[in-house]
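Here is the structure we will look at, set down as structure tokens.
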Amino acid sequence: MASTYEVLHELATIVLADEPLADVLGRVTALARDAIPPAEDVSMTLVEGDRAYTAAHTGQLSLDADELQYENGYGPCMDAGRGGLTLLISDMTAEQRWPAYTPAAAERGVGSSLSVPLPLQATVIGAINIYSTKAHSFDDPQVALLGEEVARYAAVAVANAKSYANARAEAAQMAQAMSSRAVIEQAKGVVMATRHVSADDAFALLIEASQRTNRKLREIARDITESAARRR
């Protein structure tokens with residue numbers, strides 16, 4: 001098994017390349033589990049507005065525990081992310097702070113947990129959630145410190161991954177817009193040639209056809225250019 005130092009180094013050097021965001025976050029949670037020896041299962045909660053969700057998890061135990069909290073609207077993973085506090089549950093059967101959550105979590109096999117907030121980033125609020133089937137797995141203060149160190153690396157990886165995903169989405173949208181514009185320009189040229197009208201009048205005719213048929217302008221334009229190509 002890799003040492004904690006090796007795992008942290010890998011967290012710090014995650015290369016996004018062309019990996020989907022979900023795959024990157026999956027790697028982050030797996031590395032977090034490896035970095036913290038008592039951990040049996042790890043998940044990552046992200047909070048967007050009033051919505052919290054599990055962005056990645058290493059097993060069913062963590063996913064079940066997270067979703068119990070989302071159903072109730074509160075719990076250690078959500079409170080850690082929103083409040084910026086590391087929250088330890090030493091014994092799930094004896095915990096009183098979240099009475100609607102802890103008995104149900106204990107029934108599903110959670111013995112103890114540690115929820116560590118992701119250090120605040122411009123676009124990311126959330127927490128790393130670390131679970132064990134045994135009570136008192138995370139009582140050693142050094143474990144919490146290690147969890148907080150992992151969370152620092154994870155927060156950077158998450159922020160970079162989300163920024164990369166957003167940049168790719170914007171690039172895809174731009175490419176689509178440019179493609180649509182090229183097709184529309186070609187269609188305008190066809191209309192100008194066949195109707196003997198100006199560019200502005202050709203564009204107005206395309207818009208009128210789009211509104212009349214309740215179809216997108218690029219679809220109308222594509223049909224016109226394909227029809228013209230077939231006639232050649």
Side-chain angles (χ1 to χ4, degrees), residues 1-12 25-47 52-121 124-158:
M1 178 179 291
S3 68
T4 297
Y5 172 80
E6 289 170 332
V7 172
L8 291 175
H9 177 72
E10 187 170 350
L11 265 174
L25 301 188
R27 288 177 59 201
V28 169
T29 53
L31 288 168
R33 180 191 57 197
D34 293 344
I36 302 170
E40 295 179 44
D41 210 351
V42 172
S43 66
M44 181 184 297
T45 292
L46 297 182
V47 181
Y53 63 97
T54 298
H57 60 95
T58 61
Q60 194 63 40
L61 183 71
S62 61
L63 181 61
D64 288 346
D66 288 356
E67 290 185 342
L68 283 171
Q69 298 175 61
Y70 307 149
E71 290 172 8
N72 293 317
Y74 69 91
C77 73
M78 299 170 69
D79 293 349
R82 288 171 173 156
L85 300 171
T86 297
L87 297 173
L88 168 68
I89 298 180
S90 293
D91 184 347
M92 198 65 67
T93 61
E95 180 59 57
Q96 300 297 317
R97 286 174 291 180
W98 299 279
Y101 160 66
T102 50
E107 287 179 4
R108 285 164 174 76
V110 181
S112 56
S113 70
L114 184 68
S115 295
V116 185
L118 299 177
L120 193 61
Q121 302 285 325
V124 179
I125 297 174
I128 295 287
N129 312 304
I130 308 159
Y131 296 98
S132 172
T133 57
K134 305 177 182 65
H136 306 291
S137 292
F138 310 112
D139 288 0
D140 184 345
Q142 293 302 314
V143 173
L145 291 175
L146 180 55
E148 290 167 2
E149 186 171 5
V150 168
R152 283 195 291 273
Y153 287 105
V156 173
V158 173

List the atom pairs, donor and acceptor, that lie under 3.5 Å between side-chain atoms in residues 138-147 and the rest of the protein, sequence neighbours left out.
from	atom 1	to	atom 2	distance (Å)
Asp139	OD1	Ser90	OG	2.8
Asp139	OD2	His136	ND1	2.8
Asp140	OD1	Gln142	N	2.9

Shortest non-hydrogen contact from Gly73 toward Met78: O-CE, 3.5 Å

With side chains defined as the heavy atoms from C-beta onward, is the minimum distance between Leu46 and Leu118 less than 4.5 Å? yes

dist Glu67:CD -> His57:NE2 (nearest 0.5 Å) comes out at 8.0 Å

Which pair of non-hydrogen atoms, one from Ala151 and one from Pro119, has the smallest distance, and what is that distance? O-CD, 3.4 Å

With Glu107 via side chain to side chain contact (heavy atoms under 4.5 Å, CB included) - residues at least two apart: none

Quick one: list whatever passes side chain to side chain donor-acceptor pair (under 3.5 Å) with Ser62, sequence neighbours left out. Asp41

The single option from Leu61, Thr102, Thr93 passing side-chain contact (heavy atoms from CB on, under 4.5 Å) against Val110: Leu61

Where is the tightest heavy-atom contact between Ala32 and Val42, given as atom of each residue plus distance? CB-CG1, 4.0 Å

Value rounded to 0.5 Å, distance of OG in Ser115 from CG in Leu88: 9.0 Å

Minimum heavy-atom distance Ala106-Met92, with the two atoms named: N-CG, 3.7 Å

If I take atom SG from residue Cys77 and atom CD1 from residue Ile130, how far apart are they, to the nearest 0.5 angstrom? 12.0 Å

List in chain and number order the residues that pass side chain to side chain contact (heavy atoms under 4.5 Å, CB included) with Glu40, two or more places apart in sequence or in another chain; answer none if no residue qualifies. Ser132, Thr133, Lys134

The reported gap from CG in Asp66 to CG in Asn129 (rounded to nearest 0.5 angstrom) is 4.5 Å

Taking side chain to side chain contact (heavy atoms under 4.5 Å, CB included) as the test, write out the residues that go with Ala56, two or more places apart. Leu25, Thr29

The salt bridge (charged side-chain N to carboxylate O under 4.0 Å, His left out) partners of Arg97 (sequence neighbours excluded) come to Glu95

Can a side-chain donor-acceptor contact be found between Asn72 and Trp98 if the only test is distance below 3.5 angstrom? no

Separation between OG1 (Thr58) and CG (Leu31), nearest 0.5 Å, reads 11.0 Å

So, using side chain to side chain donor-acceptor pair (under 3.5 Å) as the criterion, who are the partners of Thr86 when residues are at least two apart? Glu148

Restricting to side chain to side chain donor-acceptor pair (under 3.5 Å), what partner residues turn up for Tyr74, sequence neighbours left out? none

Between Tyr131 and Ser43: side-chain donor-acceptor atoms closer than 3.5 Å: no

Results of side chain to side chain donor-acceptor pair (under 3.5 Å) for Gln60 - residues two or more places apart only: Asp64

